[in-house]
Amino acid sequence: MKKLIISIVLVNLLAACASEPKKEPVADVSAPAPTTASAPATKDEAPRVAPAAPVKADVDPLNDPASILAKRSVYYPFDVAIVQEEDKPVVQAHAKYLSEHSNRKVRLEGNCDERGSNEYNLGLGQRRADGVQKMLELGGASADQLESVSYGEEKPRASGHDEASWSQNRRTDLNYAR
Amino acid sequence: MMLRILQGMVGLLLLAQASMANAVLTIEIIGAGEHQIPVSIVPFGGDEKIAQSINEVVTGDLQRSGLFRLVDPTGKSPHVPAEVSYPDWEVRGTEALAIGTVAAQGGRIEARFRLLDVVKQTELVGQAVSASENQIRAIGHRIADLIYEKLTGDKGVFSTRIAYVNRQGKKFSLIVADSDGYNEQVVLAQNEPIMSPAWSPDGSHLAYVSFETGHAVVYVQSLYTNRRVVLANFRGSNSAPAWSPDGKQMALVLTRDGSSQIYLVRPDGSDVRRITFSGAIDTEPHFSPDGQYLLFTSDRGGSPQIYRMPVKGGSTERLTFGEGSNFSPRHSPDGKNFVFAHLKNGRFYITTQAFQTGQMSLLTEGGWEKKPSFAPNGKLILFASEGRGRGILATVSSDGRVKQHMFTQSGDAREPVWGPYP
């Protein structure tokens, strides 16, 4: 049983890592010199963009790929909507970040595997997202920073009829507004 | 005389978007009815091309029902009763004979059709069916309905329509089509999911869930004008619309007060009233034919199961027990049974249960089979299935004997629902 849990966790972690660059391109741009990348030196735009970024010396921890905040998904067992022990530090870190950055907003998007009706899964995904929202609020985030929605089984990350796909699809994504 | 003109019986739907006719590739039929009625359909006289098209629709409809054995009419081609020599047909073993003529005039087609009883040598029904010339299929469906009705005693559903969602990559389309999957018309196309289409009782409107604004919102759209209204757009998810049989109120599911709960609302979105208070997931409400009860899915007992409650409030009763979980209940048109998707050991089975006995009957062998709905005559059940790695539409007769798979040209067919009689 323990082995099973560990392997599920590993799968989840791998899935989370693998999909990170695609999900949150902000993380890629986190290098200390972000302006050079996005400055194809258009005559009129260059002066406006250049001074803006370097002013802040310390990097927003949200953009640090080594930070726990780089994890933007939590995963669930089948038909469960409670945040699992191993994912609680992730949610708590986001709660702390949000409490310290009251200008940031995040959308919590609940998703499910395909075992269930589409409507039941819409409800389950909403329950997952709402659960994360509640935990974020308890951790200091304010309600107006948060919006929870559900996609049910309508937006699967993996499409196979097997646990390898299902385990990736049972999740809540924390999607920060840019 | 028996002959009646049924003008305007067919082809009422005017959808603005382009039609994608002939998008169905193949239809597979598995199994056969217990007693197949031998019947011969003689290609109609008159315009040969039109007659051929009508013949294909009529024979296709009858064949797919699994209730008929089509006896080859080759060699004989009577078009009016006077030309029929009954002994010729008796020796072929056919019990009923369909004959007729077609004529095109002024953009309309009229088919004069008769169904003859070979054994009794009498006319069972005779009608003239007309429609505009781009609705040949509708004429065929109407004739097939008349034959079905006369020979089985049940009303035919070949002229009814279905709605479903087609998913192709990230593109979602809400489709309305003939019951055989042909004559597809796009009601809504977008890059966000669409779920849970629901027909108004008169077939004039579809309610559905769309994610186009970033979360689940329920809309009601006219199939005549394509105009639509927002039925519910509260925080969280708005979903699972269902119409009462009189069309005066709707049930739907909102998460605005917490978990998914069932509410009643008027079709214009006013007068929202919460009717379940479980704190669990209560979803997929469906009105009984008399409008008094709602079936719904709930996990209040620990796993998703089917429950029934009076619309006006009162005690809720759990209807499904035993191993596995159950989803998507819908009443049969006679109100005696309900159909649902039964999930057990990772497979879904289309299943019916009689209210009186509580006896479950698995109608399919199991697989990715979801979202069943009865045809308005209660004889067939439409559901979402899978074939060749794609989502497809499928039907099973309510006795489980005849199955049919409809392969659309591309993409995954999902969330089908059978419409009412036209």
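Naming convention: chains lettered A, B, ... in sequence-line order (proteins, then strands); numbering from 1 in each chain. Small disclaimer: the values here were computed from a predicted structure and weren't measured.
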Counting heavy-atom pairs under 4.5 Å with chain A, which one of S328(B), A384(B), S259(B), G236(B) comes out on top?
G236(B)
So which residue, T283(B), I194(B), D299(B), I281(B), ends up with the most heavy-atom pairs under 4.5 Å with chain A?
I281(B)
Could you tell me the separation between the [atom1] atom of [X] and the [atom2] atom of [Y], rounded to the nearest 0.5 Å?
X	Y	atom1	atom2	result
L124(A)	S260(B)	CG	OG	9.0 Å
N326(B)	Y120(A)	CG	OH	12.0 Å
F340(B)	S117(A)	CZ	OG	13.0 Å
S196(B)	L122(A)	OG	CG	7.5 Å

Interchain contact, [X] with chain A, by part (heavy-atom threshold 4.5 Å):
X	result
V253(B)	neither
L343(B)	side chain
S237(B)	both
T255(B)	side chain

Between G116(A), A129(A), G125(A), G152(A), which residue shows the highest count of heavy-atom pairs closer than 4.5 Å to chain B?
G116(A)
D79(A) to P304(B) - nearest heavy-atom pair and separation
OD2-CD, 3.8 Å
Could E153(A) and K370(B) be called an ion pair, given the rule that one side-chain N must be under 4.0 Å from one carboxylate O?
yes
[X] versus chain B, the contacting section by heavy-atom distance below 4.5 Å:
X	answer
E114(A)	both
N118(A)	both
R115(A)	both

When you look at OH of Y293(B), are more than 12 heavy atoms from neighbouring residues, nucleotides or ligands closer to it than 6.0 Å?
no
Just wondering, are more than 12 heavy atoms of other shown residues or ligands nearer than 6.0 Å to CD1 in I82(A)?
no
Tell me whether the rings of Y151(A) and F211(B) are parallel (<30°), tilted (30 to 60°) or perpendicular (>60°).
tilted
Please confirm whether the backbone N or O of A280(B) pairs with a side-chain atom of R127(A), one donor and one acceptor, at under 3.5 Å?
no
Is a side-chain N or O of E119(A) found less than 3.5 angstrom from the main chain of A240(B), in a donor-acceptor match?
yes
Applying salt bridge (charged side-chain N to carboxylate O under 4.0 Å, His left out) to E192(B) and K155(A), what does each step give before you reach the verdict?
CA-CA 9 Å; E192(B) 292 295 332; K155(A) 288 192 169 185; 2.8 Å; yes
Regarding H215(B) and E147(A), do their side chains bring together a donor and an acceptor under 3.5 Å, going by distance alone?
no
